[in-house]
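Only one structure is covered here, and it is reproduced in the block below.
Here the structure is a predicted model, which means the values were calculated and not measured. Each chain gets a letter, A, B and so on, in the order the sequences are listed, and its residues count up from 1.
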Amino acid sequence: MSPAESRIDPAGLPAPDMLEPKPANASQSAPHDGDAGEPTGLLAPAGLTVTLQRLKAFYGEVEQVKGIDLQFRSGEVTAIIGPSGCGKSTMVRCINRMHEEVPGARAEGRVLLDDLDVYDPSIDVVAVRRAIGMVFQKPNPFPTMSVFDNVAAGLRLSTRKAGDLQHRVESALRGAGLWEEVKDRLSEPGAGLSGGQQQRLCIARSLAVEPEAILMDEPCSALDPIATLKIEELIDQLKRRVTIVIVTHNMQQAARVADRTAFMLDGELIEVGPTEKIFTNPEDSRTEEYVTGKFG
Amino acid sequence: MSATGHGIERFALTPARRRKDRLARACILTATVVALIPLALIVYYLLSKGLGSWSWSFFTTDPTGNTFFAKESIGGIKSAILGTIEIVALAAALAVPIGVGVAVWLVEYGRSSRFAHTVRFFVDVLTGVPSIMFGLFVYIVLIAGTGSSYAAYKGSFALALLMLPVVTRSAEVVLLLVPGALRESALALGAPRWRTIARIVLPTALPGLVTGILLAIARAAGETAPLLFTAAATFRTSFSLSGFMNSLPVQIYNDVTSPTTAVVNRAWGAALTLVSMILLLNLFARLVARRSRLG
Amino acid sequence: MGTEANTGQPVQLTAAQGRQHFQQQLQELEERALGGLDVVVEQLDRTLEALTHQDVELAQMVIADDDRVDGRYLEVHQGILSLLATQAPVAGDLRLVAALLHVIVHVERMGDQCVNIAKLIPLSGYQPPVRPEVLETILKMGAHARSEVVQCKAAFSGRDIGLAEDLARQDRDINRLNREIFNSALEIGDDPDTREWAMHMILVARALERIGDNAVDVGEQVAFVVTGLFREFSEQSGSIGT
């Protein structure tokens with residue numbers, strides 16, 4: 001064990017230098033031939049930029065997301081805020097192509113991981129989802145599995161060779177700041193942990209497959225304030241190695257956690273900018289009205 | 001807002017209310033007792049008439065086919081017990097994979113498509129079909145139609161047809177209870193859909209599935225009518241599924257109308273045996289359900 | 001409320017415009033802060049009158065009444081802290097709260113400057129040698145300062161940047177008059193009593209000039225609230241001797 005791994009602060013969070021930021025590759029990958037893309041598996045360089053181009057999402061005939069252009073940069077946390085029903089969750093689910101799992105739902109437009117269009121017909125959906133992880137609102141560890149198995153689930157469920165499971169599970173749990181709390185309980189059922197621990201377990205589960213980006217759909221709304229703060233600190237550390245997009249209803253949380261904030265209303269992107277600007281001097285009056293609580 | 005004076009009448013328990021409450025309780029209790037009486041009578045009769053036949057030789061000897069002589073020479077019900085087990089086992093082996101498979105398709109793939117609605121409708125219809133129809137169906141198709149003989153496996157077919165809608169329905173209910181969030185999490189991790197079903201959905205639903213299957217088996221084990229036209233009966237213990245085979249329901253059916261008292265008593269003993277086997281299966285189903293919930 | 005519950009009428013909760021209570025609190029806070037400017041105007045008027053007629057008693061009243069200004073400062077300050085803690089204002093609301101904090105500080109300083117002037121009055125003695133032209137200039141400065149305070153209040157409550165920027169122009173006049181006083185004092189002659197009086201007048205002028213500067217600062221806060229950008233209004237604040 002390298003000495004770095006033993007330096008954990010009392011909160012159980014990894015010491016900052018343990019999470020080495022991945023070497024910052026050029027945001028543009030090497031020139032590619034046409035847009036054939038990769039047939040299976042994604043070889044996008046670490047710290048990738050996710051770009052939405054004219055993204056639309058439909059439930060049947062209803063247009064929920066009405067043409068969005070937005071970019072999420074690597075090494076940053078971007079928060080999406082907006083009133084209920086504005087389409088923020090839908091938009092985020094289009095990024096890892098979970099939106100199309102709903103019967104009758106479809107998406108148009110492009111979602112680029114660096115240069116790779118995720119909606120290209122030659123791309124394997126499963127591989128996309130391995131590169132872009134997702135954490136949901138309600139913590140949902142697999143009930144029939146132990147803590148260890150939960151974290152390993154992503155590796156086992158994917159077709160990739162699992163490799164050194166023990167090591168990868170441990171590093172994922174460390175990455176989620178959960179290792180110290182569960183290292184003696186690895187074989188206990190995952191559902192036996194507290195709410196905040198369960199959510200961190202889900203984060204570890206996503207981390208185990210080593211994604212390039214993680215999408216979080218209101219990850220703290222079911223948790224108590226202390227668990228929420230722990231996860232916010234975790235997000236702050238994780239952003240160095242994955243691009244993070246977080247949908248949140250809680251504007252204070254967006255203000256604390258995000259580097260950039262995007263405001264959506266009725267399926268459209270109204271404004272996006274540095275979080276500080278959005279919360280001290282937004283450009284659009286609708287943004288101003290929403291963040292000051294005049295509606296929504 | 002004060003509770004004194006004008007307010008307190010709202011909270012008081014008046015004699016009229018008390019009377020109504022007691023009357024309602026009495027009615028419900030009466031209904032429960034009335035419902036329990038036949039059950040109690042059945043249990044009483046089974047025990048009083050059947051226990052007397054139980055003995056070691058009862059379970060270990062085949063019925064001899066003699067009906068006119070004394071008790072010692074009429075034999076036991078060994079072939080019936082074994083036959084029931086064999087026929088039902090084969091029926092389960094046929095019905096369970098197909099039934100669970102249909103349920104999986106309905107829940108995971110078909111969902112609310114028109115075809116899925118049609119399938120569900122017909123499955124529901126099948127659950128209401130009288131059991132004798134399955135026997136007749138197999139008889140017409142596999143026996144009278146082809147001119148071949150009765151066989152145990154044909155009886156299994158009939159029972160499998162009987163079990164199929166029950167297994168499908170109960171499996172579907174259990175699979176629907178698996179939270180969608182689990183499927184979503186697995187999909188979001190990059191699992192192909194079939195793996196999600198095999199590794200996440202089915203294991204989570206397993207206790208409920210097992211319970212449903214065991215209950216379907218218990219039901220099939222007690223059906224007489226389908227076997228009458230398909231498996232026929234023989235007195236010898238047989239392990240050949242393509243030949244005639246005895247079974248408990250058929251044995252009971254044949255014995256009950258006999259003029260010999262000893263034979264009739266054997267029927268009661270067999271009935272008690274059948275009920276006990278089903279009871280054991282039910283208890284086992286509960287044990288499985290409880291164990292996996294605690295595990 | 002008890003009565004409404006007993007009559008069976010449902011208590012109406014309107015969320016037509018969100019955070020009504022908070023908006024109300026914010027508005028009241030602004031009124032209290034800007035009301036401080038009105039008190040300053042009163043104080044200034046009385047000070048100038050005391051100066052004109054050498055009214056030592058009036059001067060004492062001004063000094064005593066500064067407690068009103070200080071009290072208001074504490075009240076608004078506490079209100080701001082409370083609002084920040086309980087309501088977490090953001091964007092425009094946050095800028096307004098920050099601006100009010102600045103405004104109330106300037107109000108308090110303006111009040112202190114009035115007190116400084118008032119304190120100088122008895123020192124000149126009951127019958128000081130008055131040079132009418134100097135006094136006239138002082139009173140002109142006083143009028144400018146008064147008008148600036150009135151205008152900065154109007155600019156803030158109306159969120160009028162134009163009006164706020166105009167304060168810089170007016171302030172240049174005060175600065176010019178301030179230099180005049182200084183130059184007059186230099187040439188006032190050799191009589192020690194007169195020279196002493198002139199020194200006091202320089203201090204009075206300086207105090208009036210500070211009041212003007214504080215009014216301009218309030219104007220700068222107006223621009224901040226509206227645009228979110230903070231910039232100094234004028235480069236030519238002018239120091240004595242330039």
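Taking a 6.0 Å sphere around CZ of B:Arg111, one finds it holds more than 12 heavy atoms contributed by other residues, nucleotides or ligands. Shown here is B:Phe284, whose CZ atom has no more than 12 heavy atoms of other residues, nucleotides or ligands within 6.0 Å. For B:Met277, the CE atom counts as densely surrounded, since its 6.0 Å shell holds more than 12 non-hydrogen atoms of other residues, nucleotides or ligands.
A side-chain donor-acceptor contact under 3.5 Å links B:Arg195 to the backbone of A:Arg156.
Salt bridge A:Glu101/B:Arg193: present, at least one basic N to carboxylate O contact under 4.0 Å.
Between A:Arg205 and B:Ser185, the closest side-chain pair of non-hydrogen atoms falls below 4.5 Å. For the pair B:Leu189 and A:Arg130, the minimum side-chain heavy-atom distance is 4.5 Å or more. Between A:Pro143 and B:Leu182 there is a side-chain heavy-atom pair separated by less than 4.5 Å. The closest side-chain heavy-atom distance from B:Leu187 to A:Val126 is not below 4.5 Å.
To the nearest 0.5 Å, atom CG of residue A:Leu157 and atom CD1 of residue B:Ile200 are 5.0 Å apart. From B:Arg183, atom CZ reaches atom CG of A:Asn140 across 12.5 Å, with rounding to the nearest 0.5 Å.
The contact between B:Arg199 and chain A is made by backbone and side chain atoms together, counting heavy-atom distances below 4.5 Å. Heavy-atom distances place both the backbone and the side chain of B:Ala186 under 4.5 Å from chain A. Contacts between A:Ile132 and chain B at a heavy-atom distance below 4.5 Å involve the backbone alone (N, CA, C, O).
Applying the ring pair (Phe, Tyr, Trp, His ring centres under 6.0 Å) rule to pairs touching residues 98-152 of chain A yields A:Tyr59-A:His99, sequence neighbours excluded.
Interface with chain B: from residues 89-98 of chain A, residues A:Arg93, A:Asn96, A:Met98 qualify, criterion being any non-hydrogen pair under 4.5 Å.
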